[in-house]
Amino acid sequence: MNLSRLAEIQIKYASLYRPGQYRRPKLIAGVDCSYRGELIACAGVVLSKEGKVLQAAQIKGRVFFPYISGFFAFREGPWLLALLRRFSLRPELLFVDGNGLLHPRKAGLAVFVGVRTGLPTVGISKKPMEDFPWKCGKRLLPLDGGFALCRKGWKRPVFISPGNLLSPEAALRAYEENSPAKIPSPIKMAHSLARRLLY
DNA sequence: GCGACAG
DNA sequence: ATCTTGTCGC
């Protein structure tokens, strides 16, 4: 299974992406993974619209795919799918740590997770995949498949793109209306849970 | 060889 | 991501 073959698979996933309008979610979730050597731990939380943790889950195991820029979904995607199966609640918005359509083949981690689960997903990343002047000169910079957003006081932007069932504009709205913090709280909670699991 | 490169 | 010291800001 070489990279060009995996790239073809990504193109297939990209074709399965569907846009959609933003709907105010009653359940918002976030997932993230941490590493410690060969160990990987992934966690996720489902929050009520009031911000209360309704469900939390975590899994741990050994990595089976290396980190390769542009193929991140093959490293974390399978773990996130296994993790999400542990939730009985079905979130109407899922924040993923990584990109969605902001990807060379429009198939970032959020697209993989969104297409496979059928959940509306939004990819959040702190770095662009392709190099470009990412200074916060403008508040909002439209990109091919997503946006670079700079809020007051930020030195670096946050990159927002849909993974499934949301148009780029809807993904931006989902972020703006549900994340007063730069990194959505569900992702931050998932991050700390995943880290704890490795200690 | 050096820097870049979602996490 | 992780390894790490100090440092700036809310």
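Chain naming here is simple, since letters A, B, ... match the order of the sequence lines and numbering starts at 1 in each.
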In dot-bracket notation, what is the pairing pattern of DNA chain B, taking Watson-Crick (N1-N3 plus N6-O4 or O6-N4) and G-U wobble (N1-O2 and O6-N3) contacts under 3.5 Å, with [ ] crossing and | for other strands? .......
Could you name each residue pair satisfying ring-ring contact (aromatic ring centres under 6.0 Å, His included) that touches residues 80-120 of chain A, not counting sequence neighbours? A/Tyr13-A/Phe112
Can you pull the ring-ring contact (aromatic ring centres under 6.0 Å, His included) pairs that have at least one residue in residues 160-190 of chain A, sequence neighbours excluded?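 Every pair satisfying ring-ring contact (aromatic ring centres under 6.0 Å, His included) with a residue in residues 160-190 of chain A: there are none.
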For A/Pro180 and A/Arg151, work out which heavy atoms get closest and say how close.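 Looking at all heavy atoms of both residues, the shortest contact is O-NH2, 3.0 Å.
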So which atom in A/Arg62 and which in A/Ile40 form the shortest heavy-atom distance, rounded to 0.1 Å? C-CG2, 4.1 Å
Using the test salt bridge (Lys or Arg N to Asp or Glu O under 4.0 Å), find all partners of A/Arg5 that sit at least two apart in sequence or belong to another chain. A/Glu8
With pairs defined as Watson-Crick or G-U wobble and both distances under 3.5 angstrom, please note down DNA chain C as a dot-bracket string, | for pairing with another strand. ..........
Please examine the side chains of A/Val96 and A/Val122, heavy atoms only from C-beta on, and report whether any two atoms are closer than 4.5 Å.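 No, too far: nothing below the 4.5 Å cut-off.
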Report yes or no: is the cationic atom of A/Arg75 (NZ for Lys, CZ for Arg) closer than 6.0 Å to the six-membered ring centre of A/Phe64, at no more than 45° off its axis? no
Check the interface with nucleotides 6-10 of chain C: list each N/O to N/O pair with the protein under 3.5 Å, or write none.
none

With the sugar-phosphate defined as primed atoms, P, OP1 and OP2, and the base as all remaining atoms, what B/S/- string results for nucleotides 2-7 of chain B, 5' to 3', for protein heavy atoms under 4.0 Å? ---SBB
Partners of A/Phe72 by ring-ring contact (aromatic ring centres under 6.0 Å, His included), sequence neighbours excluded? A/Tyr67
If the condition is ring-ring contact (aromatic ring centres under 6.0 Å, His included), which residues does A/Tyr17 pass it with, not counting sequence neighbours? none
Got a sec? Which of residues 190-199 of chain A come in under 4.0 Å of DNA chain B, heavy atoms?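 Close to the strand, none.
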Would you give me the side-chain donor-acceptor pairs under 3.5 Å for residues 152-169 of chain A, sequence neighbours excluded?
{"unit_1": "A/Ser161", "atom_1": "OG", "unit_2": "A/Gly100", "atom_2": "N", "d": "2.8"}
{"unit_1": "A/Ser161", "atom_1": "OG", "unit_2": "A/Leu101", "atom_2": "N", "d": "3.3"}
{"unit_1": "A/Ser161", "atom_1": "OG", "unit_2": "A/Leu102", "atom_2": "N", "d": "3.4"}
{"unit_1": "A/Asn164", "atom_1": "OD1", "unit_2": "A/Arg18", "atom_2": "N", "d": "2.9"}
{"unit_1": "A/Asn164", "atom_1": "ND2", "unit_2": "A/Gly114", "atom_2": "O", "d": "3.0"}
{"unit_1": "A/Ser167", "atom_1": "OG", "unit_2": "A/Ala170", "atom_2": "N", "d": "3.0"}

Do NZ/NE/NH1/NH2 and the carboxylate oxygens of A/Lys106 and A/Asp144 come within less than 4.0 Å? yes
Any ion pair linking A/Arg139 and A/Glu176 (charged N to carboxylate O, less than 4.0 Å)? yes
Rest of the hydrophobic cluster containing A/Leu198 (Ile/Leu/Val/Met/Phe/Trp/Tyr, side-chain heavy atoms under 4.5 Å)? A/Leu39
Taking atom CD as the centre, does A/Gln21 end up with more than 12 heavy-atom neighbours from other residues, nucleotides or ligands that are less than 6.0 angstrom away? no
Assess the residue pair A/Leu47 and A/Leu54 against the criterion (side-chain contact (heavy atoms from CB on, under 4.5 Å)); give the C-alpha distance rounded to whole Å, side-chain angles, the decisive distance to 0.1 Å, and a yes or no. CA-CA 5 Å; A/Leu47 309 183; A/Leu54 269 32; over 6 Å; no
